[in-house]
Amino acid sequence: MDSLLHDWPEPVVAVQSIAESGSTLIPNKYVKPAADRPTVPGSSAGRELSIPIIDLGKLAGGVVDCRAVIRAISDACRDWGFFQVVNHGVDMEVVRAVLGVWREFFKLPMEEKKKLANSPRTYEGYGSRLGVEKDSSLDWGDYFYLHLLPHCIKNFDKWPTVPGACREITEEYGRQMVNLCETVMKVLSMSLGFDVGFLKEKFGGEEIGACMRVNYYPTCPQPELTLGLSAHSDPGGLTVLLADDRVPGLQVRKGNDWVTVNPIPGALIINVGDQIQVLSNATYKSVEHRVVVNEAEERLSIAFFYNPKSDLPLEPVKELITQDRPQLYRAMTFNEYRLYIRKKGPSGKTQVESLKAM
C-alpha cells in the first residue's frame, strides 16, 4: 500500500459539525474556484433536460419488449452514461429500511460516529474527505463507506452497531443491488453483441467486488460557493444510486452543461463507470457528475458500486478493437486504478484519460 495512504494529511473535520455551528460563512477550504461553482437546482441556468427512464420490468415480457429495453439501455449508455430504472425488482421495504437506518446513524452524536472514523488506507468507516493531498479543496459532505464483496475483506469492526438493524438491512440491500447490477451487466453484454455472461466474466465472474457509500450532505449557508461532491466519473463498473427524491442534488454533465437529475420516487439511478468504458473500448462512456447542496434541507443518498475483481488486469476486449477503432486503453488492475481517486480525490475525467494507450 502506498505510504501516502496511511493517514489523512490534516485533521478531519466533519462537515455536519460545521453546519451545526451556526456559522453563516463556509471555511475557505470549501470554496470552489469560480469555474467550478454550481448551478443550483431551480435556477434559470439549469438545462431542462432529463436522463432516460427505463422500465426493467419489460425484460420479463416478450422478445419485442426485451429488445426495446436492451436498445434503450444501450442508447442511454452511449448518449448519457446515466439512466433511471423503474420496476427494477428491488424490494421497496428494504429500500425504505436502508434509508431509515442510515438517516438514524447520521443523527447520532458526533463522538459516536467518530469512533468509526476512516483512514485513506481502505476508506472503510465514517469520513469527510476524499484524497490525501494537503491543502486541497474539500467538499461539503460526510459519508460512510463499506466493503460488501468479496466477503474476506469486510471489516465488521467498521460497521455501525447502532442502529441495531443496520448490518442486517445493509447486507440485504447489498444482495439485492448485486442482483440488479448483474441484470444490467447481462443487458450490456447483449447490447455489445456478446453472450449474457460476457461482461461479468470479464469482471472476474463470482469474484466481483462491491462496496457502498452512504452520503450525507448537511445544509450549507453558502451553497453557491461549494459542492457536496466535486465533478468526477466513477472509477468502477456500475453505480446504482438511491437518491433522495425530496431534495434534488445530483447533476450530470451533458456537453458543456450540467443537468439536474430529478429522481422519480421508487426509481434507482444507474451510471456506467470507467471500467465499462475501458472494457467497451469507449463504446459506452462514463460521464462526469457532481452534487450540489442547499441552504434549506439536508440530503442523504446511497451509492452502490459494482466493481471488477481487484487484482484482475482489465483492458478493451479484443472483439471491440478494429482498424478503425484501435485499442484506446492500456491494461491495469482495479486495485491500481482506484489509487488515483484515493490520492487525488474526485478529479473529473482525468483518471480514465490518463489510462489511454500511447
Side-chain angles (χ1 to χ4, degrees), residues 32-54 72-85 130-131 136-141 184 188 213 215 217 223-244 247-264 267-278 280-294 299 301 303 305 328-329 337-338 340-341 344-356:
K32 302 299 179 184
D36 296 335
R37 292 176 190 171
T39 300
V40 179
S43 72
S44 59
R47 287 192 70 184
E48 294 300 320
L49 294 171
S50 59
I51 64 174
I53 300 164
I54 297 171
I73 289 179
S74 177
D75 290 346
C77 291
R78 293 172 194 268
D79 298 340
W80 282 91
F82 273 78
F83 53 97
Q84 295 195 64
V85 293
L130 293 169
S136 60
S137 175
L138 300 181
D139 290 333
W140 193 264
V184 175
L188 292 178
R213 178 180 145 131
N215 306 293
Y217 304 105
E224 72 281 0
L225 297 182
T226 191
L227 290 165
L229 187 59
S230 293
H232 66 289
S233 61
D234 290 340
L238 292 175
T239 301
V240 182
L241 182 71
L242 173 55
D244 191 328
V247 188
L250 174 65
Q251 292 186 333
V252 175
R253 184 183 285 282
K254 182 67 170 172
N256 294 322
D257 296 305
W258 289 100
V259 176
T260 298
V261 176
N262 292 301
I264 299 170
L268 294 165
I269 299 167
I270 298 179
N271 65 279
V272 169
D274 293 345
Q275 303 306 310
I276 294 291
Q277 177 170 329
V278 169
S280 71
N281 206 30
T283 301
Y284 298 145
K285 293 183 180 179
S286 59
V287 171
E288 280 184 273
H289 50 287
R290 66 184 187 181
V291 174
V292 297
V293 292
N294 71 81
R299 182 172 174 270
S301 67
F305 304 104
L328 296 177
Y329 307 102
Y337 190 82
R338 64 183 166 189
Y340 188 100
I341 195 168
K344 295 181 177 294
S347 306
K349 290 277 288 183
T350 56
Q351 184 177 8
V352 72
E353 292 302 316
S354 71
L355 197 61
K356 282 192 171 178

task = Might you work through the side-chain contact (heavy atoms from CB on, under 4.5 Å) test for Trp140 and Leu227, ending with a clear yes or no?
result = CA-CA 6 Å; Trp140 193 264; Leu227 290 165; over 6 Å; no
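- Here the closest heavy-atom approach between residue Asp139 and residue Gly228 is recorded as CB-O, 3.3 Å.
- In this structure, Arg37 contributes its side chain and Lys32 its backbone to a donor-acceptor pair below 3.5 Å.
- Although no hydrogens or angles enter the test, the distance criterion places no donor-acceptor pair under 3.5 Å between the side chain of His289 and the main chain of Ala231.
- Between Leu250 and Arg299, some side-chain heavy-atom pair lies under the 4.5 Å cut-off.
- The minimum heavy-atom distance linking Arg213 with Leu229 is given by the pair NH2-CD1, 3.7 Å.
- Using a 4.5 Å heavy-atom threshold, the side chains of Asn271 and Val287 count as separate.
- Rounding to the nearest 0.5 Å places CH2 of Trp80 at 6.5 Å from OG of Ser50.
- In terms of heavy atoms, Tyr329 sits closest to Ala282 at OH-CB, 3.7 Å.
- When all heavy atoms of Val252 and Val261 are compared, the pair lying nearest together is CG2-CG2, 3.7 Å.
- In this view, Asp274 satisfies the salt bridge (Lys or Arg N to Asp or Glu O under 4.0 Å) rule with no residue, not counting sequence neighbours.
- Residue Pro223 comes nearest to Val293 through the heavy atom pair CB-O, 3.3 Å, listed as atom of the first residue, atom of the second, then distance.
- Remark: side-chain polar atoms of Glu224 are not paired, donor with acceptor, to backbone N or O of Pro38 under 3.5 angstrom.
- Atom-to-atom distance recorded for Leu238:CG and Cys77:SG is 8.0 Å, nearest 0.5 angstrom.
- Judged by distance alone, the side chain of Gln84 and the main-chain N or O of Ile264 form a donor-acceptor pair under 3.5 Å.
- Here the side chain of Gln277 pairs a donor or acceptor atom with the backbone of Ser286 at under 3.5 angstrom.
- Proximity of a side-chain donor or acceptor of Thr283 to a complementary backbone N or O of Ser280 within less than 3.5 Å is detected.
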request  = Carefully, step by step, assess Ile51 and Val259 under the rule side-chain contact (heavy atoms from CB on, under 4.5 Å).
outcome  = CA-CA 8 Å; Ile51 64 174; Val259 176; 5.6 Å; no
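- Atom CZ of Arg78 is separated from atom NZ of Lys285 by 11.0 Å, given to the nearest 0.5 angstrom.
- Considering only heavy atoms from C-beta on, Tyr284 comes within 4.5 Å of Ser74 through its side chain.
- Across every non-hydrogen atom of Glu288 and Trp258, the tightest pair is O-CZ3, 3.8 Å.
- Counting only N and O atoms by type, the side chains of Gln251 and Thr260 include a donor and acceptor under 3.5 Å apart.
- Using a 4.5 Å heavy-atom cutoff, the side chains of Arg290 and Ser230 are not in contact.
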Chi angles and distances behind the side-chain contact (heavy atoms from CB on, under 4.5 Å) call for Val240, Ile269 = CA-CA 6 Å; Val240 182; Ile269 299 167; over 6 Å; no
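- Remark: Asp79 does not engage Lys254 in a salt bridge, criterion side-chain N to carboxylate O under 4.0 Å.
- Residues Leu241 and Leu268 are not in side-chain contact: their nearest non-hydrogen atoms beyond the backbone lie 4.5 Å or more apart.
- The closest donor-acceptor contact from the side chain of Asp234 to the backbone of Thr239 lies at 3.5 Å or more, if one exists at all.
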query = Where do Val278 and Leu328 land on the side-chain contact (heavy atoms from CB on, under 4.5 Å) test, with the steps shown first?
reply = CA-CA 8 Å; Val278 169; Leu328 296 177; over 6 Å; no
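- Ser301 and Tyr217 share no side-chain donor-acceptor pair at under 3.5 Å.
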